[in-house]
Amino acid sequence: MGETQFATELTLTGLRRLCSVPTVPDLFPWDSKDSNYALHVGMYSYASGLERLCKLTIACNGYATTGKFPNLRKYSHKIGALLDAVEALSTPPSSPGPSAREAKYLVRPLDDLDPDLMGTVERFASGAGRYEHLDVLWNDDAEVNTYNDWSALAARASVSEEVRRLISLKDAMARAIGSELADDGLESSARMMMEDLELPMYVPSVGVVLSLFRKVRWVSTTLDVATYYTSEDLPILGEILSPTFVHTSADFFNYNIARFSDDAVIEEELAEVYERINVREAEMDEDDFDEMGIEK
């Protein structure tokens with residue numbers, strides 16, 4: 001259970017962080033590329049989490065099928081080999097089989113970003129990406145390519161209108177909360193909280209993140225099936241995985257990236273809040289005019 005919780009949180013942390021990676025079109029001329037380090041934070045967490053989920057899936061499926069855990073050392077950090085191994089697994093004979101909801105997620109997902117998408121993840125996981133900034137200090141042949149690879153993927157990624165709406169809603173929520181806190185005299189007290197809430201999300205990067213999520217959803221569903229009442233010695237790991245990963249792409253973004261409880265209710269609340277904000281800002285504009293002695 002603990003390893004599954006660890007892998008789940010690693011993966012989710014990585015996906016959340018990767019949403020805030022600015023790609024080239026989003027960088028203003030005066031911006032520094034120093035903010036690109038978020039890509040390495042996110043990729044490190046995601047690649048490690050996905051690797052662990054794959055190894056858990058292979059191990060638990062092997063135990064449910066043969067009564068023995070297989071040796072996983074040969075896979076090392078080879079993400080591609082791990083995904084191929086997960087794809088080759090058969091449902092354990094003791095398994096009651098997937099639910100209708102799960103069945104559609106048991107097929108290895110392919111999208112327009114493949115095979116470059118997982119090639120980038122494997123390059124990072126194997127060390128070429130993880131250590132590129134250190135390697136370039138001493139190795140003249142080393143290359144720093146992760147950001148360029150990510151930007152190329154982001155330029156090809158697509159995002160649904162529903163996810164775009166959720167991104168806009170998150171931005172509106174952050175502005176509303178910040179305005180209300182400032183009006184109540186809590187601007188300084190809430191500063192650290194607002195920094196997290198105001199962390200920008202870039203649509204192209206979100207598109208790549210959702211492609212990465214679909215790989216995790218497939219692996220997680222396969223692990224769920226392998227441990228769902230297949231052996232008394234295996235916990236039902238779907239209880240950890242399903243609430244986080246077994247969703248449509250839009251629902252995953254809604255619940256686990258934007259972290260909305262009910263986006264429809266949030267829209268209603270924001271409509272009321274923005275009425276107050278608009279009145280308050282109009283009054284502030286009037287005060288500014290008065291102070292400058294300008295007739296309205």
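The model shown is predicted, which means the values in this text are computed figures rather than measured ones. Residue indices begin at 1 and follow the sequence shown.
- For the pair T146/R123, a side-chain contact is recorded, criterion being any heavy-atom separation below 4.5 Å from C-beta on.
- Both the sub-6.0 Å distance and the 45° axial angle are satisfied by R17 relative to the ring of Y37.
- Of the charged side-chain nitrogens involved, at least one lies within less than 4.0 Å of a carboxylate oxygen, so that R175 and E281 count as a salt-bridged pair.
- Between the side chain of E102 and the backbone N or O of S99 there is at least one donor-acceptor pair closer than 3.5 Å.
- Under the 3.5 Å distance criterion, with hydrogens and angles disregarded, no donor-acceptor pair is assigned to the side chains of S242 and R101.
- Of the listed residues (R156, K215, R214), just one forms a salt bridge (Lys or Arg N to Asp or Glu O under 4.0 Å) with D114, and that residue is K215.
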**Request:** Would you please test L89 and T57 for side-chain contact (heavy atoms from CB on, under 4.5 Å) and show each step?
**Result:** CA-CA 9 Å; L89 297 175; T57 302; 3.8 Å; yes
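- Between T120 and M43, some side-chain heavy-atom pair lies under the 4.5 Å cut-off.
- S179 and R280 form a side-chain donor-acceptor contact under 3.5 Å, judged by distance and modelled atom types alone.
- For E180 and R276, the salt-bridge test passes: some basic side-chain N is under 4.0 Å from an acidic carboxylate O.
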**Prompt:** Between M201 and S20, is a side-chain contact (heavy atoms from CB on, under 4.5 Å) present by the stated rule, with each step listed?
**Reply:** CA-CA 5 Å; M201 290 187 181; S20 64; 5.7 Å; no
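- The shortest distance between side-chain heavy atoms of W218 and V86 falls below 4.5 Å.
- Less than 6.0 angstrom separates the ring centroid of F124 from the ring centroid of H40.
- Residues L18 and V208 fail the side-chain proximity criterion, which asks for heavy atoms closer than 4.5 Å.
- The aromatic rings of Y255 and H247 sit perpendicular, their planes meeting at an angle over 60°, well past the 30° parallel limit.
- The line from CE of M1 to OG1 of T227 is 9.5 Å long, rounded to the nearest 0.5 Å.
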**Message:** Could you walk me through whether T65 and N61 satisfy the side-chain contact (heavy atoms from CB on, under 4.5 Å) test, starting with their C-alpha distance in whole Å, then the side-chain angles of each, then the deciding distance to 0.1 Å, before giving a yes or no?
**Reply:** CA-CA 6 Å; T65 301; N61 185 281; 3.5 Å; yes
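- Using modelled atom types, no side-chain atom of E87 and backbone atom of R108 make a donor-acceptor pair closer than 3.5 Å.
- Atom-to-atom distance recorded for D224:CG and T230:OG1 is 10.0 Å, nearest 0.5 angstrom.
- With a 4.5 Å cut-off on side-chain heavy atoms, F213 and N256 do not count as touching.
- I266 contributes atom CD1, which lies 6.0 Å from atom CE of M173 (distance to the nearest 0.5 angstrom).
- Although no hydrogens or angles enter the test, the distance criterion places no donor-acceptor pair under 3.5 Å between the side chain of E51 and the main chain of H77.
- Using a 4.5 Å heavy-atom threshold, the side chains of I236 and E239 count as touching.
- When atom types are taken as modelled, the side chain of N254 and the backbone of L166 share no donor-acceptor pair closer than 3.5 angstrom.
- The pair K78-E122 does not meet the salt-bridge criterion, since no charged nitrogen lies less than 4.0 angstrom from a carboxylate oxygen.
- Formation of a donor-acceptor pair under 3.5 Å by the R130 side chain with backbone atoms of A125 is found in this model.
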**Request:** Take T91 and L106 through the side-chain contact (heavy atoms from CB on, under 4.5 Å) test and state the conclusion after the steps.
**Result:** CA-CA 10 Å; T91 301; L106 280 174; 5.6 Å; no
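- Using a 4.5 Å heavy-atom cutoff, the side chains of P98 and Y105 are not in contact.
- For the pair S168/R165, no side-chain contact is recorded, criterion being any heavy-atom separation below 4.5 Å from C-beta on.
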